[in-house]
Amino acid sequence: MKKPAKFVVANWKMNPDSLERAKTIFLHTRRATEGIRKTEVIICPPFVYLESLGRLTRGISLGAQDVFWEPEGSFTGEISASMIKDTGVSYVIIGHSERRALGDTNEIVNKKVKASLKEGLTVILCVGERERDSQGHYLSFLTSQIQSALDKVSKRNLESLIIAYEPVWAVGQSDYRALDGRALHETSLFIRKILADMYGHSEAMETPILYGGSVNTQNAESILSEGNVQGVLVGRQSLEENFEEIIDLVEELL
Ligand code: PGA
């Protein structure tokens, strides 16, 4: 399947607190995407809303926020890739820093990636350093995070992969301190180089790289015009009235 060229991923996290409110936000975003032609908008609500929102999609895609790696069995509370697929959902976020903070290791992330690709889901793989040191240690951190997440993932599967670069120190910041566009540009080139070393130049060039971490209407323009990315993953601002401004910027600037 040929991937669209640019993306806006809305990670709702554990919000909102009722299905009614979820529908209201979803329909608001749906209206905002009516004139959008070139950008894939993917909303990732909590699992329990996926099925109901699936009846309202029209122009919007749905993603899950996590997945379990086993196909079925005695795993209380877990949800498999085939269950997600069966709900009509095509994307899944894996390796989000908030899941890693709750115990997802690189090895677990790798198992989740492989299980999801096997079921035909498109994986939005989150990677990012906890701190950006001046000696550049974060670059080797990123390298091993990506290499281990994609361990034994074949070149053929890359067409179902999107990388979301999310520096952990920028995610969920109350002052919306995102990485600036120039630094992002360098990092996205670096991520492409990691992918090129693993899979070859053309595959690396075709894998979309998104930025996430405190994206809002003020900083989105510099991220998109300077950052050398194919879109954004938006947390808190994806629940706000003005989320559509970010979608419009991606549609216009990329
Ligand atoms: P934020 O979250 O936009 O609220 O910082 C981003 C994310 O989900 O990683």
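Counting starts at 1 for both ligands and their atoms, following the listed order.
- Residue contacts with ligand 1: E98 is excluded, as none of its non-hydrogen atoms falls under 4.0 Å.
- Of the protein's non-hydrogen atoms, R236 NE, 2.6 Å is the one closest to atom 4 (O) of ligand 1.
- Annotation for ligand 1: atoms under 4.0 Å from non-hydrogen atoms of L233 are 7 (C), 8 (O), 9 (O).
- At least one N or O atom of N11, backbone or side chain, sits closer than 3.5 Å to an N or O atom of ligand 1.
- Between the side chains of S174 and R236, no donor-acceptor pair is found at a separation under 3.5 Å.
- A salt bridge links K112 with D104: at least one charged nitrogen is closer than 4.0 Å to a carboxylate oxygen.
- Given atom 6 (C) of ligand 1, the protein heavy atom at minimum distance is G235 N, 3.7 Å.
- For the residue pair R192/N228, the side-chain donor-acceptor check at 3.5 Å is not satisfied.
- Under 4.0 Å from ligand 1, not a single heavy atom of Q237 appears.
- Here is the list of ligand 1 atoms found below 4.0 Å of a heavy atom in H96: 7 (C), 8 (O), 9 (O).
- Of the charged side-chain nitrogens involved, none lies within less than 4.0 Å of a carboxylate oxygen, so that E40 and K6 do not count as a salt-bridged pair.
- In this structure, E20 places its CD atom where only 12 or fewer heavy-atom neighbours from other residues, nucleotides or ligands lie under 6.0 Å away.
- Geometrically, ligand 1 and G172 share a nitrogen or oxygen pair separated by less than 3.5 Å.
- Taking atom 2 (O) of ligand 1 as the reference point, the nearest protein heavy-atom neighbour is K13 NZ, 3.0 Å.
- The number of heavy-atom neighbours closer than 6.0 Å to NE2 of H28, taken from other residues, nucleotides and ligands shown, is above 12.
- For the pair R21 and F26, the cation-pi criterion (under 6.0 Å, within 45° of the ring axis) is not fulfilled.
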